[in-house]
Amino acid sequence: MPPPAPVPTVDLIIEVDNRIVLIRRKHPPPGWAIPGGFIDAGEKAQDAAVREALEETGLSVTLTDLLGVYSDPKRDPRKHTISTVYIGKAQGSPSGGDDAAEARLFGEGDLPTPLAFDHAQILADYYRFRKTGERPL
């Protein structure tokens, strides 16, 4: 029997002024994370990103860019996921909701640890993209 197919997910780097929103996860795996989650059946990836942002941070987000697609089978210890990672903008103060115990704003120089999943790599790619315009492959 073949292994189960990868599961589609989204992550969303939310920019508020010159900072980004990260959430502290309520459920394993522990750590801080980019807001995101599973795409529901019948849902577009971009709609899932906006929905997850609202559920986990309380912020209404406008998508601005597609950063990339992350598909390393080891990126999520629970199962093989493929994440479409968006960048979006919002205003206001985030507050943790749904799967987020907490939501806070961070700058590149004060990112929390540990970061869950492959989010350290995604954030490194994001900051490189912001500085150079180079997208990850």
Side-chain angles (χ1 to χ4, degrees):
M1 179 195 263
V7 176
T9 64
V10 290
D11 290 301
L12 177 58
I13 299 170
I14 304 169
E15 300 172 332
V16 178
D17 298 320
N18 291 323
R19 300 175 72 71
I20 63 164
V21 178
L22 296 177
I23 62 160
R24 188 170 52 81
R25 293 180 49 79
K26 270 188 193 175
H27 308 290
W32 288 87
I34 300 164
F38 298 102
I39 300 171
D40 292 338
E43 186 176 39
K44 293 178 181 177
Q46 59 268 35
D47 294 340
V50 171
R51 174 183 53 78
E52 286 287 347
L54 185 60
E55 289 174 1
E56 293 186 347
T57 71
L59 297 173
S60 295
V61 175
T62 301
L63 300 181
T64 59
D65 283 296
L66 174 65
L67 180 64
V69 176
Y70 293 78
S71 62
D72 185 332
K74 298 179 194 129
R75 70 177 303 274
D76 186 331
R78 301 169 297 179
K79 63 178 97 174
H80 183 183
T81 63
I82 297 175
S83 185
T84 303
V85 180
Y86 292 96
I87 301 169
K89 292 195 178 295
Q91 294 181 341
S93 297
S95 60
D98 194 32
D99 294 332
E102 181 180 2
R104 289 183 27 208
L105 294 170
F106 295 92
E108 183 177 11
D110 66 350
L111 295 174
T113 58
L115 290 169
F117 310 112
D118 58 350
H119 291 187
Q121 179 62 56
I122 293 171
L123 289 174
D125 291 346
Y126 162 75
Y127 285 113
R128 185 172 50 255
F129 170 69
R130 279 291 173 237
K131 290 173 187 162
T132 68
E134 177 186 329
R135 294 181 197 277
L137 291 179

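What you see is a predicted model; the values in this text were computed from it and never measured.
- Partners of K26 by salt bridge (Lys or Arg N to Asp or Glu O under 4.0 Å), not counting sequence neighbours: none found.
- The backbone N or O of G96 lies less than 3.5 Å from no partner atom in the side chain of E56, so there is not a single donor-acceptor pair.
- For the atom pair CD1 (I34) and CG (L115), the distance works out to 8.0 Å, reported to the nearest 0.5 Å.
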Point to revise | side chain to side chain contact (heavy atoms under 4.5 Å, CB included) evaluation trace for V69 with S83 | key: CA-CA 6 Å; V69 176; S83 185; over 6 Å; no
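- In this structure, the side chains of L22 and P112 come closer than 4.5 Å at one or more pairs of heavy atoms.
- Across every non-hydrogen atom of P30 and A116, the tightest pair is O-CB, 3.8 Å.
- Among pairs with a residue in residues 33-52, none fulfils ring pair (Phe, Tyr, Trp, His ring centres under 6.0 Å), at least two apart in sequence or across chains.
- A single hydrophobic cluster is seen to contain both Y126 and L111, as judged by linkage of ILVMFWY side chains at heavy-atom distances under 4.5 Å, directly or through other members.
- Residues meeting the side chain to side chain donor-acceptor pair (under 3.5 Å) test with K74, sequence neighbours left out: none.
- Atom-to-atom distance recorded for L59:CG and S95:OG is 7.0 Å, nearest 0.5 angstrom.
- Contact detail for R135 and L67: the closest heavy-atom pair is CB-O, 4.1 Å.
- For A103 against V21, the heavy-atom pair with the smallest separation is CB-CG1, 4.4 Å.
- Judged as a side-chain contact (heavy atoms from CB on, under 4.5 Å), and not counting sequence neighbours, the contacts of A45 are V10, I39, Y86.
- Note that the OG1 atom of T57 and the CD1 atom of I23 stand 8.5 Å from one another [nearest 0.5 Å].
- With sequence neighbours excluded, the residues that form a side-chain contact (heavy atoms from CB on, under 4.5 Å) with T64 are I87, K89, R130.
- Remark: side-chain polar atoms of H80 are paired, donor with acceptor, to backbone N or O of S71 under 3.5 angstrom.
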Point to revise | Stepwise side chain to side chain contact (heavy atoms under 4.5 Å, CB included) check, L12 with L63 | key: CA-CA 9 Å; L12 177 58; L63 300 181; 3.5 Å; yes
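- Of all heavy-atom pairs spanning V61 and A53, the tightest one is CG2-CB, 3.7 Å.
- Nearest heavy atom pair, residue I14 against residue A90, reads CG2-CB, 3.7 Å.
- Among residues two or more places apart in sequence or in another chain, the side chain to side chain donor-acceptor pair (under 3.5 Å) test is passed with R75 by D11, T81, D118.
- The ring-ring contact (aromatic ring centres under 6.0 Å, His included) search around F106 returns W32, not counting sequence neighbours.
- Qualifying side chain to side chain donor-acceptor pair (under 3.5 Å) partners for D125, counting only residues two or more places apart in sequence or in other chains: Y70, Q121, R128.
- Note on residues 99-110: pairs passing salt bridge (charged side-chain N to carboxylate O under 4.0 Å, His left out), not counting sequence neighbours, are R19-D110, R24-E102, E102-R104, E108-K131.
- For Q46, the side chain to side chain donor-acceptor pair (under 3.5 Å) test picks out no residue, with sequence neighbours left out.
- Residues meeting the ring-ring contact (aromatic ring centres under 6.0 Å, His included) test with F117, sequence neighbours left out: H119.
- The shortest distance between side-chain heavy atoms of T84 and P8 does not fall below 4.5 Å.
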Review point. Please walk me through it: do D65 and I13 pass side chain to side chain contact (heavy atoms under 4.5 Å, CB included)?
Key: CA-CA 10 Å; D65 283 296; I13 299 170; over 6 Å; no
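- Rounding to the nearest 0.5 angstrom, the gap separating the CD1 atom in I20 from the OH atom in Y127 is 3.5 Å.
- For residues 33-48, the salt bridge (charged side-chain N to carboxylate O under 4.0 Å, His left out) pairs, not counting sequence neighbours, are D40-R51, E43-R51.
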